[in-house]
Protein chains: 2
Amino acid sequence: METIDLELIRIFVKVIQQGSFSKASIILGIPKSTVSKSVTKLEETLGTKLLLRTTRSQSLTSSGRLFYETCLEPIQVLEDAQRSMTGQDSIVSGNIKITAPEDIGYQIVSPIVGELTQKYPELTFEMHFTNSIVDLIADGFDLAVRIGPLRESNLKARKIGNLDMSLVAADSYLKKHPPILKPKDLENHDVLMLPPVSSKNYWSLVKGKTQVKVPVKTRLVSNQITSLLYSAAAGGGITLAPAFLCRNLLEEKGLIRVLPEWKIKGIPISLVSPIATSSSARLKIVSDALFDTISSRLN
Amino acid sequence: METIDLELIRIFVKVIQQGSFSKASIILGIPKSTVSKSVTKLEETLGTKLLLRTTRSQSLTSSGRLFYETCLEPIQVLEDAQRSMTGQDSIVSGNIKITAPEDIGYQIVSPIVGELTQKYPELTFEMHFTNSIVDLIADGFDLAVRIGPLRESNLKARKIGNLDMSLVAADSYLKKHPPILKPKDLENHDVLMLPPVSSKNYWSLVKGKTQVKVPVKTRLVSNQITSLLYSAAAGGGITLAPAFLCRNLLEEKGLIRVLPEWKIKGIPISLVSPIATSSSARLKIVSDALFDTISSRLN
DNA sequence: TTACACTGTTTCTATATGGAAACAATTGAT
DNA sequence: ATCAATTGTTTCCATATAGAAACAGTGTAA
């Protein structure tokens with residue numbers, strides 16, 4: 001069996017992480033011609049195309065994705081091993097690519113990362129905030145904050161907890177509409193929701209042992225929770241949002257909690273990574289920081 | 001930071017596994033001059049001696065050992081990744097170095113390995129049976145069967161279970177000596193033991209809820225259980241041995257179980273490896289085969 | 001549409017590298 | 001004690017390789 005120069009694998013991994021041959025060449029400190037030839041040679045040796053590349057973009061083949069998934073972690077471990085031998089283990093360095101939902105990103109991830117940049121001067125960050133779900137593998141991400149139930153995958157997940165949810169509406173709105181004293185009163189109100197919206201939407205409210213499922217009338221849909229909150233603040237209706245998000249808006253925007261004594265099932269929030277966080281020192285630091293801060297702010 | 005050619009690490013790992021520069025060069029299919037220069041270069045880049053070498057033997061420095069421990073698994077994963085890409089994952093191949101206590105080795109490991117060689121024609125084995133404890137890292141072993149409680153280490157252990165122990169003696173011996181009807185009767189008998197032997201040795205016997213601790217009189221010590229059994233069979237006295245070991249000797253050598261209704265605390269038996277068995281297909285196969293067979297023969 | 005900026009690939013050559021053989025050092029057997 | 005065998009190291013050269021630059025596509029912006 002022909003053995004593969006492991007150096008080729010490292011270059012391949014870096015190309016995926018950086019998302020381009022050129023960037024990988026800069027990070028590795030070698031000319032891009034070498035990167036190009038290395039990937040080609042790796043493909044030849046493996047006998048499989050790994051990367052479909054037009055001059056302008058590239059995407060992993062299914063084999064390439066599989067290969068990347070299995071090689072990413074060992075490569076990182078080896079690089080870390082090198083660092084710790086050369087006495088650089090005390091200095092946490094490297095780059096971390098993070099993705100998160102927008103609101104979580106702005107309000108939680110950004111401040112944490114801000115602190116980390118001060119604490120670890122050798123650490124650099126790339127953040128990508130979007131409410132659509134990015135492909136951690138294909139886009140070379142190290143870490144993602146995900147809300148909602150996790151789909152099955154071979155990514156390593158670490159559940160942080162459940163986000164407490166609150167029902168809120170503007171003071172002005174509530175004055176103009178019938179009072180809401182029990183869940184059933186919600187039925188005839190205007191509701192602002194995140195997608196997906198089906199023909200019949202329900203909210204399940206719980207108080208003690210009693211659980212009530214109320215059909216609600218969707219008046220406005222947005223993919224941004226923050227935008228829903230602003231619409232609600234303008235009197236657009238009632239919306240459901242993570243408690244931590246609406247808390248500061250409650251006072252300053254004249255929002256009021258509706259049925260505060262009723263609870264709504266929280267949304268799971270998790271950290272997801274292509275590799276085990278324990279296998280990379282710098283990943284562990286960021287992961288732990290996010291975990292600790294988020295779990296202290298779930299409600 | 002200067003990056004290290006991962007190929008150098010692979011070569012270093014192979015040198016440790018094979019125990020010599022020459023053998024590593026043969027396995028890798030490269031001249032030994034390259035191996036020599038590679039290790040030297042790796043040491044220079046890391047700024048640390050990894051391997052103390054006289055022309056005739058070599059030993060890991062403490063740094064070298066640490067480096068090997070962290071690099072072994074990722075290197076194997078990468079090599080496996082290559083195999084699975086080139087479609088050789090269905091063919092389990094490679095070499096497995098196993099160590100085990102002698103009796104376990106002869107009676108259990110050898111037969112299992114014998115079967116595996118037939119089942120997996122591409123797999124080769126190196127077996128080293130000894131009752132002294134070998135250094136899995138320094139000697140490049142993949143797998144060890146260990147009996148007795150495990151010392152702490154950064155090896156990955158997998159407990160199989162506890163070996164049932166039986167007290168046995170020769171028919172001829174029992175006829176010449178006072179009958180043994182209860183544990184206390186053992187006190188004045190001749191006993192054959194494994195080291196370590198202290199001035200006072202005890203055997204703890206259990207029946208139901210009653211536990212009895214009996215002092216015993218050591219007449220003969222050997223580091224080989226089998227030799228104890230042969231001595232016992234010759235009428236030398238009573239000995240304590242794993243049930244599976246003396247079972248076949250019971251009939252053919254005229255050995256008889258003593259106090260069969262009393263139980264003696266079993267000795268833990270485990271599989272130990274420098275890497276997680278899950279990270280290498282061939283290791284998993286061997287490990288599972290040993291686990292399954294041994295666990296079915298504990299009593 | 002056109003020009004520009006960027007991508008990945010190819011070309012070409014100086015350089016570094018890997019491999020055969022000779023070398024030195026150590027062990028074990030005669 | 002001497003010889004033979006085997007180890008790791010060094011030498012030296014042909015070869016493969018990495019790197020600079022030119023090249024050729026592709027998307028973007030004016």
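First the proteins, then the strands, lettered A, B, ... as listed; each starts at 1.
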Interface with DNA chain D, restricted to residues 6-24 of chain A and to heavy atoms under 4.0 Å:
none
Hey, is the main chain of B/Gly19 close enough, under 3.5 Å, to the side chain of B/Gln58 for a donor-acceptor pair?
yes
Indicate the atoms forming the closest heavy-atom contact of B/Ser227 with B/Ser222, along with that distance.
OG-OG, 2.7 Å
What's the angle between the local helix axes at either end of the helix from C/dT1-D/dA30 to C/dT30-D/dA1, using five pairs per end and rounding to 10 degrees?
30°
According to salt bridge (charged side-chain N to carboxylate O under 4.0 Å, His left out), does anything in residues 13-39 of chain B pair up with another residue at least two apart or in another chain? List the pairs.
B/Lys14-B/Glu79
Can you classify the ring geometry of B/Phe12 versus B/Tyr68 as parallel (below 30°), tilted (30 to 60°) or perpendicular (above 60°)?
perpendicular
Could you give the side-chain donor-acceptor pairs of residues 139-147 of chain B under 3.5 Å, partners two or more places apart or in another chain?
{"from": "B/Asp142", "atom 1": "OD2", "to": "B/Lys97", "atom 2": "N", "distance (Å)": "2.8"}
{"from": "B/Arg146", "atom 1": "NH2", "to": "B/Val134", "atom 2": "O", "distance (Å)": "2.9"}

To check you understand the geometry: which heavy-atom pair defines the closest contact between A/Thr86 and B/Thr45, and what is its length?
CG2-O, 4.1 Å
Rounding to an integer number of Å, can you tell me how far A/Asp5 CG sits from C/dG18 C1'?
12 Å
Any donor-acceptor pair under 3.5 Å linking the side chain of B/Thr48 with the backbone of B/Leu46?
yes
From CG of A/Leu52 across to P of C/dT9 the rounded distance in Å is 12 Å
Please table the atom pairs, donor to acceptor, closer than 3.5 Å between any side-chain atom in residues 126-133 of chain A and protein atoms at least two apart or in another chain.
{"from": "A/Glu126", "atom 1": "OE2", "to": "A/Asn95", "atom 2": "ND2", "distance (Å)": "3.0"}
{"from": "A/Thr130", "atom 1": "OG1", "to": "A/Ser132", "atom 2": "N", "distance (Å)": "3.0"}
{"from": "A/Thr130", "atom 1": "OG1", "to": "A/Ser132", "atom 2": "OG", "distance (Å)": "2.7"}
{"from": "A/Asn131", "atom 1": "OD1", "to": "A/Glu102", "atom 2": "N", "distance (Å)": "2.9"}
{"from": "A/Asn131", "atom 1": "ND2", "to": "A/Asn223", "atom 2": "O", "distance (Å)": "2.8"}
{"from": "A/Asn131", "atom 1": "ND2", "to": "A/Gln224", "atom 2": "OE1", "distance (Å)": "2.8"}

Close side-chain approach of B/Leu51 and B/Leu60, heavy atoms under 4.5 Å
yes
Rounding to a whole Å, what distance do you find between A/Gln58:CD and D/dT26:P?
14 Å
Looking at A/Tyr120, I'd like to know if the NZ or CZ of A/Arg282 sits under 6.0 Å from its six-membered ring centre while staying within 45 degrees of the ring's axis.
no
Below the 4.0 Å mark, does C/dA25 have OP1 or OP2 next to a side-chain nitrogen or oxygen of B/Arg53?
no
Under a 4.0 Å heavy-atom cutoff, the residues of residues 26-40 of chain A touching DNA chain D are A/Ile30, A/Pro31, A/Ser33, A/Thr34, A/Lys37
